[in-house]
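Step one of this worksheet: look at the structure below.
Keep in mind that what you see is a predicted model, and the values were worked out from it rather than measured.
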Amino acid sequence: MNERIPLSEEEIEVIARLDKAGLLHDLDKEHFRGKEDVGAIFCPDGRWAIRGVIEPFIDMYDKKNTLCFLPLTEFGGTLILDSDSPLLEKGSEQFPEGNKGDILLIGKIKKAVKMGYKAFCHINHLPCGMGRAFNIPPMHIVDSLVMAKHRIKTMEGIGKITIASFLQIGDGNGHVRIARIPFEDFLIWRKDNADGASLAMQRMLAMS
């Protein structure tokens, strides 16, 4: 049995830092009132995906089973969308031609839009198994979550949709907290707190 990953001290510090800045808005039923069918982008890791993402979102978003919920999964969630992500292997025994997971995920989103989905949310985990495997710092995981919205809407030109960014925080006891991170608020805060930002986030801040 795969054990749940406990939060590290660094992850706890990151969460406390974001909370202190007022950037973690806990998910509640009011957030979904009057919303549309939704495509949800997240990592399929079984320790968190079913009980930590799908069940809470269905409970919050689709209590009467009247709205569609479309899971769009990729290992590492939005970590795969970073241009210099270590998940995008350039060539290995497993991926001889390189891992094009970012292109595949963008393709899934475009197909969902063609199907009629106009609202999306993306969710990254803390702790994150892929982050641990590739030595990605916790704050870089948050950077990736925020930057994914910019890539999807601006760089990939999928503009006529709404996207909300969520951080799923779990602990070794199975308790889960899901909090929305406002895009603009995070970027304003990050400009004044750019220490330790990922290279991709540094490039984004330099352009803004």
Side-chain angles (χ1 to χ4, degrees), residues 35-46 48-50 52-54 57 61 67-92 94-126 128-131 133-168 178 180-184 186-187 190 197-208:
K35 295 295 176 65
E36 303 173 281
D37 299 336
V38 66
I41 305 160
F42 57 92
C43 176
D45 190 332
W48 302 111
I50 302 298
V53 175
I54 295 177
F57 269 73
Y61 194 93
L67 295 174
C68 293
F69 180 87
L70 177 67
L72 302 173
T73 62
E74 187 65 48
F75 281 114
T78 67
L79 294 178
I80 203 75
L81 293 179
D82 295 351
S83 58
D84 48 6
S85 172
L87 277 68
L88 295 174
E89 301 174 53
K90 304 305 180 184
S92 66
Q94 186 178 9
F95 300 106
E97 297 181 4
N99 180 356
K100 297 180 175 61
D102 60 331
I103 304 301
L104 295 175
L105 181 54
I106 292 296
K108 291 177 186 178
I109 297 169
K110 290 180 177 178
K111 287 179 182 177
V113 171
K114 287 184 178 180
M115 291 170 62
Y117 287 86
K118 298 178 182 178
F120 292 82
C121 59
H122 49 207
I123 307 139
N124 277 2
H125 310 313
L126 277 186
C128 171
M130 290 292 104
F134 288 91
N135 297 314
I136 301 172
M139 188 59 83
H140 289 193
I141 293 172
V142 180
D143 284 344
S144 168
L145 178 67
V146 174
M147 289 185 302
K149 181 172 182 175
H150 174 73
R151 174 166 180 182
I152 293 167
K153 296 195 68 171
T154 304
M155 297 175 65
E156 300 293 341
I158 314 174
K160 296 182 179 180
I161 60 173
T162 60
I163 301 179
S165 307
F166 293 92
L167 186 65
Q168 181 197 48
I178 301 177
R180 181 177 62 87
I181 299 180
F183 180 81
E184 296 294 343
F186 181 85
L187 289 184
R190 202 60 166 126
S198 68
L199 292 176
M201 176 57 75
Q202 290 177 33
R203 291 193 295 267
M204 186 174 176
L205 293 175
M207 292 187 297
S208 60

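Crowding of Tyr117 atom OH: a count of heavy atoms from other residues, nucleotides or ligands under 6.0 Å exceeding 12.
In this model, no donor atom of one side chain and acceptor atom of the other lie less than 3.5 Å apart for His122 and Thr78.
Looking only at side-chain heavy atoms (C-beta outward), Phe186 and Val142 come within less than 4.5 Å of each other. The side-chain heavy atoms of Val38 and Cys121, taken from C-beta on, include a pair separated by under 4.5 Å. Using a 4.5 Å cut-off on side-chain heavy atoms (C-beta onward), Met147 and Leu81 make no contact. Considering only heavy atoms from C-beta on, Asp37 stays 4.5 Å or farther from Leu70 through its side chain.
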The test is side chain to side chain contact (heavy atoms under 4.5 Å, CB included); show your working for Leu167 and Ile123 and say whether it passes.
CA-CA 6 Å; Leu167 186 65; Ile123 307 139; over 6 Å; no
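When atom types are taken as modelled, the side chain of Lys149 and the backbone of Ser165 share no donor-acceptor pair closer than 3.5 angstrom. Side-chain atoms of Lys153 come within 3.5 Å of backbone atoms of Ile161 as a donor-acceptor pair (strictly under, hydrogens ignored). Put simply, the side chain of Lys108 gets close to the backbone of Thr73: a donor and an acceptor are under 3.5 Å apart.
Closest heavy-atom contact between Met204 and Leu187: CE-CD1, 3.8 Å. Contact between Ser85 and Leu79 at its shortest, heavy atoms only, is OG-O, 2.8 Å. When all heavy atoms of Pro86 and Phe134 are compared, the closest pair comes out as O-CE2, 3.5 Å. When all heavy atoms are compared, the tightest approach of Phe69 to Ala40 is CZ-CB, 3.7 Å. For the residue pair Ser198 and Asp143, the shortest heavy atom distance occurs at N-OD2, 3.1 Å. In terms of heavy atoms, Leu72 sits closest to Ala112 at CD1-CB, 4.3 Å.
A salt bridge is absent between Asp82 and Arg151; no separation between the charged side-chain nitrogens and carboxylate oxygens falls under 4.0 Å. In summary, Arg203 and Asp84 engage in a salt bridge, as defined by a charged side-chain N under 4.0 Å from a carboxylate O.
Phe42 contributes atom CZ, which lies 9.0 Å from atom CD of Gln168 (distance to the nearest 0.5 angstrom). The distance from atom CD1 of Ile109 to atom CD1 of Ile152, rounded to the nearest 0.5 Å, is 3.5 Å. Taking CD1 of Ile136 as the start and CE of Met130 as the end, the distance is 9.0 Å to the nearest 0.5 Å.
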